[in-house]
Amino acid sequence: MTTESPTILSAAVLDALGEIVGRDNLVYGPEELLVYECDAYTIEKQLPNVVVLPRNTAEVAAVVRLCAEHSLPIIPRGAGTSLSGTVLAVTGGVMIALTRMNRILQIDYRNRRALVEAGCVNAWITQAVKARGLFYAPDPSSQSACTIGGNVATNSGGPHTLKYGVTTNHVLGFEMVLPDGEVCWLGTRPEGGEDVAGFDLRGAFIGCEGMFGVVTRVLVGLSRAPQSFKTMMGVFESVDEASQAVSDIIAAGMVPGAMEMMDQLITQAVEAAYHFGFPLDAGAVLIIELDGLAAGLERQAARVIEICRANGAREVRLAKTEAERLELWKCRKRAFGAIGRLSPNFLTQDGVVPRSKLPEIMRFIRACSERQGLRIPNVFHAGDGNIHPLILYDERDPEQVRRALAAGHEILAKCVELGGSVSGEHGIGVEKIDFMAIQFTAADLAAMQMLRRVFDPGQRCNPHKMFPGSKRCSDFAPKKQAAA
Amino acid sequence: MNTITPPPAFLDPARALACIHCGLCLSSCPTYLETGNENDSPRGRIYLMRALQDGRVALGDTVAHHIDQCLGCRACEAVCPSGVQYGELLEHTREHLEQHFSRSLWQRFLRRWVIEKVFPFPERMELALLPAWLIKGWRLEGLLPQFAREALSLLPAAPAPGRLPEFCPAAEPARARVGFVSGCVMTVLFGPTNEASVRLLNRAGCDVFTPVGQGCCGALYAHSGQLEQARACARHNIAVFERLQLDTIVINAAGCGSTLKEYGALLREDPEWADRARAFSSRVRDLTEVLVAAAPPSASLRSGDPAGARVTYHDACHLAHPQRITKPPRDLVRARAGTNFVELPESDVCCGSAGSYNLTEPAMAARLQRRKIENILKTGAKVVVTTNPGCLLQIRAGLRQAGAMDVEAVHIADYLDRVSG
Ligand SMILES: Cc1cc2nc3c(=O)[nH]c(=O)nc-3n(C[C@H](O)[C@H](O)[C@H](O)COP(=O)(O)OP(=O)(O)OC[C@H]3O[C@@H](n4cnc5c(N)ncnc54)[C@H](O)[C@@H]3O)c2cc1C
Ligand code: SF4
Ligand code: SF4
């Protein structure tokens with residue numbers, strides 16, 4: 001265990017930061033810093049020294065330059081909805097929260113793209129353009145709160161990733177501040193054409209988990225909203241049968257917009273929260289959405305229903321109105337939150353397995369749940385084999401925390417064993433560091449570190465994440481408050 | 001961090017732990033949208049409340065500031081997937097603050113006197129407002145200190161008090177016996193609106209009873225953490241309305257409505273009153289709910305009068321969030337305005353009125369007021385319809401300050417009465 005102490009911030013640096021962003025936009029008292037000690041991953045906690053709330057790119061650049069001069073760690077932060085501790089200030093440092101930079105700057109309908117500030121909330125973009133028949137495709141379940149900057153940094157996906165892809169497929173370019181304070185633009189510029197000469201540095205950056213610099217403005221592509229939808233809910237006796245139906249639908253040559261599965265426990269929690277009318281005794285509920293041109297959807301829907309029935313579905317219900325369809329999605333998208341009704345804390349994983357291995361990993365999770373004596377409901381992107389076991393625990397009981405972590409470990413190890421990966425979309429953060437060495441070779445990791453140093457030679461930007469051998473906060477604050 | 005001796009229990013642990021820190025509530029919180037500081041967000045405030053309860057932070061200016069700055073608009077509650085009952089957590093924390101935190105003299109004066117001793121009593125409010133109206137009439141505002149000027153700018157140019165008859169019969173054979181809650185601010189400043197509400201109810205086939213003995217609903221007390229006073233108000237009103245054997249109890253002010261609907265929760269621990277409170281609350285309906293149920297507006301949209309003004313609708317927080325009522329008022333307005341109806345961007349982001357908030361937190365109230373007015377002006381609407389007296393005062397004052405003299409803010413009862421009567 002290392003003994004390096006957390007960052008120390010002098011009063012002079014604090015003053016200088018205050019001069020850049022205004023004292024009102026600094027958060028530094030111990031009471032106010034508290035909520036910044038973690039993101040939606042609440043197992044590990046550590047206070048940053050200060051949080052700055054800049055207003056524009058120039059302020060971000062000035063803050064970053066100052067930190068470079070004083071060799072201070074910087075931690076970019078969006079809405080803090082990360083589920084893997086990617087915004088944890090492991091050794092303290094200066095947290096740069098983009099939450100005041102949240103405007104939509106320009107909408108270019110002709111070229112179907114929008115320029116937004118990094119702190120702009122994902123769902124606001126679709127809200128702004130939907131009257132014109134457009135939408136921003138990546139739809140993480142947290143889209144009503146998470147920021148585009150956070151999406152870029154974690155390459156977020158969502159239920160509709162199956163058909164529409166992830167963030168990198170829809171972000172054309174962005175402005176960023178390098179860890180030394182230099183401002184640059186990667187990828188397509190707002191005024192430029194789509195093709196950019198040279199390496200795709202934009203692509204290299206996306207998914208960097210805040211380690212390559214601070215994104216300040218993003219140019220996103222807008223997609224034409226599908227003409228029509230057929231959204232269905234299939235009720236199955238077991239996860240196995242539902243998984244088989246998923247495989248058969250894909251095998252039949254269809255690419256639904258989304259295929260989402262909820263197991264019994266989560267269905268019950270969601271039903272308690274939203275009273276949609278989900279059957280409480282079903283082993284699994286599958287939400288399938290077909291979208292595209294109205295002509296032909298009818299036939300596809302009939303085919304999907306047929307496949308579900310062939311796999312033992314006891315009922316397949318079609319959303320009859322747009323309101324019903326939206327209600328169904330609301331239930332799905334808020335499913336994570338609904339488990340607050342079951343337990344004060346949850347730890348979620350987002351491992352990926354080949355679709356054909358879904359039944360196997362689900363059986364493993366059930367066994368793991370029994371072994372650890374913790375409930376583990378599941379809601380996940382079945383179409384791309386991206387699982388989301390929600391391990392329920394109470395952080396006031398250290399024994400439960402230990403078992404939750406152990407369960408998470410076992411499940412991820414199994415994903416890798418089954419030929420999958422440890423994270424589909426939530427990122428590595430501090431949570432899954434140990435798995436990097438399992439999934440990648442030493443040479444892979446060294447190559448990644450080299451790329452990182454191209455952007456951040458000093459390795460000060462969101463440090464101690466992702467790479468094995470990083471410091472954990474328990475190295476610094478061995479005795480942390482349990483509750484809160 | 002040093003731990004301090006935890007204070008006496010004020011948070012129900014199960015309710016407080018229902019927050020799983022997911023952050024999905026952030027973007028719906030008006031104060032967070034303005035400051036970007038997570039301490040001004042629901043997740044941040046709940047974190048502070050819990051830290052306060054656990055003795056991780058001390059009760060000082062900083063904590064009090066972030067709790068005070070909360071509008072109590074409960075937008076967070078409406079979007080929280082985990083069902084966190086934020087309103088209740090806030091009231092209990094505020095009660096704790098009231099008892100254990102000492103404020104500045106001016107804040108104490110506002111809270112103790114103006115809000116608790118004047119607003120809830122129509123007669124006192126009329127008297128208390130007299131000098132204010134004279135100052136306004138004689139244009140002497142300039143002589144006042146800033147905070148008083150801000151408070152004063154909220155008052156309409158002239159009072160419009162009105163007392164309703166105790167009984168107003170239905171226009172046609174009565175289909176329902178309803179009680180009408182006349183409200184404190186409504187009675188003094190919006191007498192004609194109350195009359196319009198009763199006319200609409202009469203036309204909808206309701207015999208309307210407005211008992212004189214009724215008192216303040218207790219909302220202002222509850223929101224500022226004076227829970228005992230709020231309970232006293234509740235008991236009084238329950239008793240007054242029980243005597244009349246009503247089918248429904250109707251209210252036209254969103255803020256009062258949500259409190260009346262929560263008497264059940266407020267008196268949960270009181271064995272003598274718990275059942276009666278629940279029964280009372282289950283009968284309470286917002287005016288728009290009753291009107292829509294009596295005569296469902298047709299779904300097909302008639303074309304708006306081409307010469308007619310554009311109309312938009314602002315969601316009063318306490319109607320949209322705790323009561324989750326957003327469709328009935330829109331349907332009513334849309335049925336009249338037809339294609340002249342336009343949606344208001346951020347229609348459910350608080351206008352900054354929030355009960356007595358614009359008196360106690362004028363700076364944030366003014367920021368949200370500006371935000372609201374900018375959105376209204378963007379729509380090009382000349383009429384803004386809403387359902388709460390506080391919102392009306394706040395929006396009217398904001399429109400005046402912006403020089404938008406051709407845009408009017410009206411209560412939905414006045415709007416409906418005018419276009420259908
Ligand atoms: C209920 C719930 C459901 C979720 N569902 C999904 C889902 O379906 N799909 C999915 O992919 N994720 C999901 N997530 C995870 C999370 O919402 C996403 O990772 C999201 O992209 C994070 O955005 P944020 O603004 O909250 O970023 P934060 O959590 O604040 O930060 C995340 C990472 O991005 C970096 N970062 C943030 N802003 C910037 C910036 N401007 N410049 C550089 N780096 C930055 C941070 O340093 C950190 O590494 C879910 C989370 C919750 C709580
Ligand atoms: S209040 Fe609800 S939405 Fe907000 S962080 Fe807590 S659980 Fe999530
Ligand atoms: S009540 Fe309103 S102001 Fe207070 S935390 Fe909730 S959303 Fe924010």
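Naming convention: chains lettered A, B, ... in sequence-line order (proteins, then strands); numbering from 1 in each chain. Predicted model only: the values in this text are computed from it and were never measured.
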*Asks:* As an exercise, state the distance from OG1 of A/Thr99 to OH of B/Tyr32, rounded to the nearest 0.5 Å.
*Replies:* 4.5 Å
*Asks:* For chain A, find its close neighbours in residues 80-90 of chain B: heavy-atom separation under 4.5 Å, sorted by number, or none.
*Replies:* B/Pro81, B/Ser82, B/Gly83
*Asks:* Is it the backbone or the side chain of B/Leu52 that comes under 4.5 Å from a heavy atom of chain A, or both, or neither?
*Replies:* neither
*Asks:* Shorter than 4.5 Å, heavy atoms on both sides: which option in A/Gln143, A/Gln127, A/Arg100 has the most such pairs with chain B?
*Replies:* A/Arg100
*Asks:* Below 4.5 Å from any heavy atom of chain B, which atoms of A/Ala273 appear? Answer side chain, backbone, both or neither.
*Replies:* side chain
*Asks:* Quick one: what part of A/Arg77 sits under 4.5 Å from any heavy atom of chain B, side chain, backbone, both or neither?
*Replies:* side chain
*Asks:* So, taking the atom named CG in A/Leu33 and the one named CD in B/Glu38, what distance separates them when rounded to the nearest 0.5 Å?
*Replies:* 12.0 Å
*Asks:* Report, as yes or no, whether the 6.0 Å neighbourhood of atom CZ on A/Arg103 holds more than 12 heavy atoms from other residues, nucleotides or ligands.
*Replies:* no
*Asks:* If you round to the nearest 0.5 Å, how far is CG of A/Leu53 from OG1 of B/Thr35?
*Replies:* 7.5 Å
*Asks:* Minimum heavy-atom separation for B/Asn39 and A/Tyr36, please, with both atom names.
*Replies:* ND2-CE1, 4.0 Å
*Asks:* With sequence neighbours excluded, what pairs up with A/Glu32 under the salt bridge (charged side-chain N to carboxylate O under 4.0 Å, His left out) test?
*Replies:* none
*Asks:* With a 4.5 angstrom heavy-atom cut-off, could you sort out which part of A/Cys38 is near chain B: side chain, backbone, both or neither?
*Replies:* both
*Asks:* Checking A/Asp39 against chain B: side chain, backbone, both or neither under 4.5 Å from a heavy atom?
*Replies:* backbone
*Asks:* Might you confirm whether atom CG of B/Asp12 has over 12 heavy atoms from other residues, nucleotides or ligands at distances under 6.0 Å?
*Replies:* yes
*Asks:* Is it the side chain or the backbone of A/Ser343 that comes within 4.5 Å of chain B heavy atoms, both, or neither?
*Replies:* backbone
*Asks:* Given the options B/Met49, B/His66, B/Gln53, B/Arg43, which has more heavy-atom pairs under 4.5 Å with chain A than any of the others?
*Replies:* B/Arg43
*Asks:* Distance-only criterion, 3.5 Å: show the donor-acceptor pairs between side-chain atoms of residues 19-28 of chain B and protein atoms not counting sequence neighbours.
*Replies:*
unit_1  : atom_1 : unit_2   : atom_2 : d
B/Ser27 : OG     : A/Ser144 : O      : 2.4
B/Ser28 : OG     : B/Cys25  : O      : 2.9

*Asks:* Taking side chain to side chain contact (heavy atoms under 4.5 Å, CB included) as the definition, give me every residue that meets it alongside A/Asn49, ordered by chain and number, with sequence neighbours left out.
*Replies:* A/Thr7, A/Leu9
*Asks:* Taking the side chain as C-beta and beyond, is there a heavy-atom pair between B/Leu48 and A/Val35 under 4.5 Å?
*Replies:* no
*Asks:* Would you mind checking which part of A/Phe336 comes under 4.5 Å of any heavy atom in chain B, side chain (CB onward), backbone (N, CA, C, O), both or neither?
*Replies:* backbone
*Asks:* How long is the span from the CG atom in A/Asp394 to the CG atom in B/Leu17, to the nearest 0.5 Å?
*Replies:* 6.5 Å
